[in-house]
Structure formats: structure tokens, C-alpha cells
Amino acid sequence: MLDRIAESLFWIGRYAERAENHARLIDVHYHVREDSSGEDAVLWRRMAESIADPAAYEERYSEYREKDVLHYLALDATQPNSLMTCVVQARDNLKKIRERLPSELWNLLNGFYLWLRQVRVEEVLAEPHRFFERVKEGLASFQGTAVSIALRDESWHMIESGRYLERSENIVRLLRTVSAAVAERGSSSYSYLLAVLRSVGGYEAYRRLGIEELSVEDVASFLLLQESFPRSVHYALAAFETNVKAMRAKADKSGTSLDKIIRMAGKARSELSWLERQDITADSIDAVIQQLLGANRQLGDAMARTFFSPGGREVIA
């Protein structure tokens with residue numbers, strides 16, 4: 001597979017997953033805000049910090065106001081990590097390699113982009129939950145169609161490896177935000193943790209597993225270790241490893257670099273497998289999060305070195 005093709009495929013997966021994550025994360029902040037008695041400016045600043053660089057935001061705006069933060073994080077095409085930018089990047093990468101994937105995928109993503117670029121911040125402010133549901137539905141339609149009709153070849157496995165690596169990193173970053181927020185909120189954290197579980201579609205699964213407590217330790221354990229939940233870090237790392245192994249099986253050459261990536265992913269997944277609920281405590285969670293952030297970063301760097309052309313690599317935000 002040519003470097004430029006591999007790079008585009010990988011970033012289609014990453015940017016589509018990142019856009020969905022942004023929609024889920026901003027929506028959960030709205031739920032938290034509805035249940036919070038804190039100052040709006042503090043909540044909007046926390047939202048900005050979870051997705052973008054607050055220093056860059058403050059260069060443009062004097063205060064953290066709902067309209068400004070929402071535009072900056074969701075609709076601002078000049079902000080390098082906004083929801084809009086993620087969709088634009090996924091679309092641009094797909095446009096470069098349209099012949100490698102079913103035409104239905106281009107039609108779906110292009111149509112979604114055309115709708116999104118016409119949305120104005122006033123429309124989002126009027127019905128924020130409905131807007132973010134529409135974003136999640138549009139991206140789920142793209143992913144669901146890919147699952148239904150895409151050939152399971154190297155192109156598919158490259159997209160999926162990008163998607164699951166991005167998912168792993170997003171969940172780890174979410175947990176870092178959760179840990180800090182719960183430390184601030186103390187006994188008022190129940191509604192926040194409930195909103196976090198709902199933001200990843202995990203509340204029903206959490207309850208079905210019979211977990212009685214709703215504490216940061218139990219939520220973190222669920223999102224880190226639960227092998228059967230598709231949005232857990234363990235599941236995402238295992239899926240990433242599986243897709244890289246599939247590419248290794250189709251490789252024409254020795255695949256030494258792929259073998260190394262597989263070992264790195266297996267090590268990160270195995271270290272999670274050895275953890276148990278009692279190992280996730282208020283004192284240990286930060287260390288686990290930092291270790292996983294480092295592992296995700298190393299895997300992204302290894303994929304870039306193996307597949308992408310020097311000087312053409314995109315930055316992982």
C-alpha cells in the first residue's frame with residue numbers, strides 16, 4: 001500500500017471517530033451544566049480545555065461564553081481540533097482515495113459535511129442536544145455503512161486501526177477530565193458520572209453488569225477494563241491489535257515494523273488485563289491514565305513511521 005493511501009485511510013478512521021467523540025463530550029457538558037450550580041464561565045472553560053487549547057481561545061475571545069465556546073469547538077473551521085475541522089479532514093482524506101472505498105461512503109460523508117457547514121451557532125444554541133444527536137447519527141450512519149459493505153482488505157483494516165486507536169486515546173482523555181472534575185465536585189459528582197456514562201452510550205451496559213456504585217473508581221474501571229464494552233480502552237486496544245495483525249498477515253515483506261506495533265499493542269492490552277477493580281483507586285488512577293496516554297502516543301508514532309511518508313504526517317492532537 002502506498003504511503004499516501006495508508007495515511008489517508010488511517011486518518012479517515014481517526015478523524016471520524018474524533019468528531020463523534022467531540023459531539024459526545026460537548027453534549028455531556030451540557031447535561032452537566034443543567035445539573036450544576038457552578039458559574040457558567042468555569043464550565044465553559046472546562047469544556048474548552050477538554051478539546052482545544054485554551055490559550056488559543058483566549059487570543060480570540062475575552063470571556064468564556066456559551067456562544068463563543070460552542071462556535072469555537074463545534075463549527076470553527078479555522079480551529080485545528082474543532083468538530084467541523086475533524087469532519088473536513090476526514091472528507092478531504094476520503095476524497096483523495098475515493099477509488100479505494102465504496103462510493104456510498106463518499107456520498108454519506110460529503111452529504112454530512114454539506115449539512116454541517118450550513119449550521120449556524122444560533123441553531124445549535126436553540127437545540128444543542130438535538131444538534132449533537134444529529135452529528136452522532138450522521139457519523140454512525142457512515143460507520144454502519146462501512147461495516148455493511150466495505151471489503152475486508154488492507155484499506156478496511158487501516159481505517160479500523162485508526163478508529164480504534166483514536167477511541168482508546170479519547171476514552172483515556174475523558175477519564176483524565178472526569179478524575180479532575182470529580183475531585184473538584186466531591187459529593188455532588190453523581191450526576192456528572194451519570195452523564196459521562198451516557199455520553200459514551202455505556203449507562204445501560206454498566207447497570208446490566210450489576211455494578212452497584214457510581215463512583216469515579218467504578219466508572220474508570222468499566223471504561224478501562226471492560227472487555228465486552230466496545231467503547232472501553234481494553235476493547236479498543238484489542239481491536240487495534242487485531243486489525244494490525246490482519247494487515248501483517250497480508251504483508252508481502254517481512255513486516256518487522258508491524259510485528260513491533262503488534263507487540264506494543266499487546267503489551268498495553270495485557271497490562272490492562274492484569275488490572276482488577278481494586279487496582280483502580282483515587283491514588284492510582286492518574287498513573288494508569290498517564291501510562292495509557294504514553295502507550296497510545298507511542299502506537300500512533302509507530303504507525304506513522306511504518307506507513308506514512310516523512311514530512312507528510314498529520315499531528316495527533
Side-chain angles (χ1 to χ4, degrees), residues 14-15 17-92 112-136 138-139 166 169-186 188-189 191-193 195-196 198-199 286 289 293 314-317:
R14 288 207 74 151
Y15 277 124
E17 181 68 24
R18 191 180 299 181
E20 182 181 351
N21 176 74
H22 286 357
R24 290 179 177 275
L25 198 56
I26 299 171
D27 197 29
V28 77
H29 272 281
Y30 265 99
H31 286 290
V32 171
R33 176 178 175 243
E34 289 168 359
D35 294 331
S36 174
S37 58
E39 295 182 13
D40 262 9
V42 174
L43 295 172
W44 295 126
R45 178 181 172 84
R46 185 178 295 147
M47 186 188 293
E49 289 174 340
S50 66
I51 292 177
D53 177 8
Y57 175 89
E58 290 166 9
E59 287 181 3
R60 299 195 198 181
Y61 304 101
S62 59
E63 297 179 53
Y64 284 90
R65 291 181 294 237
E66 178 181 7
K67 181 177 180 180
D68 295 334
V69 172
L70 199 56
H71 177 265
Y72 188 69
L73 298 182
L75 302 177
D76 190 346
T78 67
Q79 200 268 94
N81 201 39
S82 70
L83 192 159
M84 171 63 83
T85 298
C86 292
V87 173
V88 169
Q89 292 285 5
R91 175 184 178 272
D92 287 351
F112 178 71
Y113 156 76
L114 293 174
W115 165 77
L116 185 61
R117 75 172 186 175
Q118 295 176 356
V119 175
R120 298 292 174 261
V121 69
E122 289 78 14
E123 299 172 54
V124 183
L125 288 167
E127 295 184 291
H129 297 308
R130 178 65 196 117
F131 168 75
F132 291 114
E133 281 298 316
R134 173 68 181 85
V135 171
K136 288 184 282 185
L139 293 166
E166 182 70 28
E169 185 164 321
N170 287 336
I171 295 298
V172 175
R173 290 181 183 277
L174 173 62
L175 285 173
R176 183 173 63 178
T177 302
V178 168
S179 179
V182 169
E184 288 181 19
R185 297 167 69 90
S188 64
S189 63
S191 61
Y192 179 72
L193 291 170
V196 167
R198 285 177 170 160
S199 78
D286 286 343
I289 287 171
L293 284 173
E314 301 188 47
V315 176
I316 302 173

With side chains defined as the heavy atoms from C-beta onward, is the minimum distance between [X] and [Y] less than 4.5 Å?
| X | Y | answer |
| --- | --- | --- |
| W44 | R65 | no |
| L73 | N81 | no |
| R173 | L293 | yes |
| R120 | H71 | no |
| N170 | E17 | yes |
| F131 | I26 | no |
| H22 | M84 | no |
| T78 | R60 | yes |

Margin query: Checking L83 against L116 for the side chain to side chain contact (heavy atoms under 4.5 Å, CB included) test, could you report, in this order, the C-alpha distance in whole Å, the side-chain angles of both residues, the deciding distance, and whether it holds?
Written below: CA-CA 10 Å; L83 192 159; L116 185 61; 3.7 Å; yes
Next item on the list: Please test V135 against W115 for side chain to side chain contact (heavy atoms under 4.5 Å, CB included), starting from the C-alpha separation and ending with a verdict.
Entry: CA-CA 10 Å; V135 171; W115 165 77; 4.2 Å; yes
Locate the shortest heavy-atom distance separating [X] from [Y]; write the atom from each residue and the value.
| X | Y | value |
| --- | --- | --- |
| V196 | V28 | N-CG2, 3.6 Å |
| A77 | T85 | O-OG1, 3.4 Å |
| C86 | A19 | CB-CB, 3.8 Å |

Check: Mind checking whether Y57 and Y64 have parallel, tilted or perpendicular rings, split at 30° and 60°?
Finding: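 Taking Y64 first and then Y57, their aromatic rings lie parallel (interplane angle under 30°).
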Any side-chain to backbone donor/acceptor pair from [X] onto [Y]? Under 3.5 Å, distance only.
| X | Y | result |
| --- | --- | --- |
| S199 | R24 | no |
| S50 | M47 | yes |
| E166 | R18 | no |

Check: Is any NZ, NE, NH1 or NH2 atom of the basic residue among R45 and E58 found under 4.0 Å from an Asp or Glu carboxylate oxygen of the other?
Finding: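 Answer for the salt bridge query: yes.
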Checklist line | Residues K136 and E133 bridged, charged N to O under 4.0 Å | finding: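 E133 and K136: salt-bridged.
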Point-to-point distance, once rounded to the nearest 0.5 Å, from [atom1] of [X] to [atom2] of [Y]:
| X | Y | atom1 | atom2 | answer |
| --- | --- | --- | --- | --- |
| R46 | I51 | CZ | CD1 | 13.5 Å |
| Q118 | L75 | CD | CG | 12.5 Å |
| Y72 | D53 | OH | CG | 6.5 Å |

Notebook entry, point to check: Near E127 CD, under 6.0 Å, is it more than 12 heavy atoms from other residues, nucleotides or ligands?
Noted result: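 No, the 6.0 Å shell around CD holds no more than 12 heavy atoms from other groups.
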Check: What's the verdict on side chain to side chain contact (heavy atoms under 4.5 Å, CB included) for D68 and E63, showing C-alpha distance, side-chain angles and the deciding distance?
Finding: CA-CA 8 Å; D68 295 334; E63 297 179 53; over 6 Å; no
Next item on the list: Kindly determine whether V178 and Y192 satisfy side chain to side chain contact (heavy atoms under 4.5 Å, CB included), including the steps that lead there.
Entry: CA-CA 8 Å; V178 168; Y192 179 72; 4.0 Å; yes
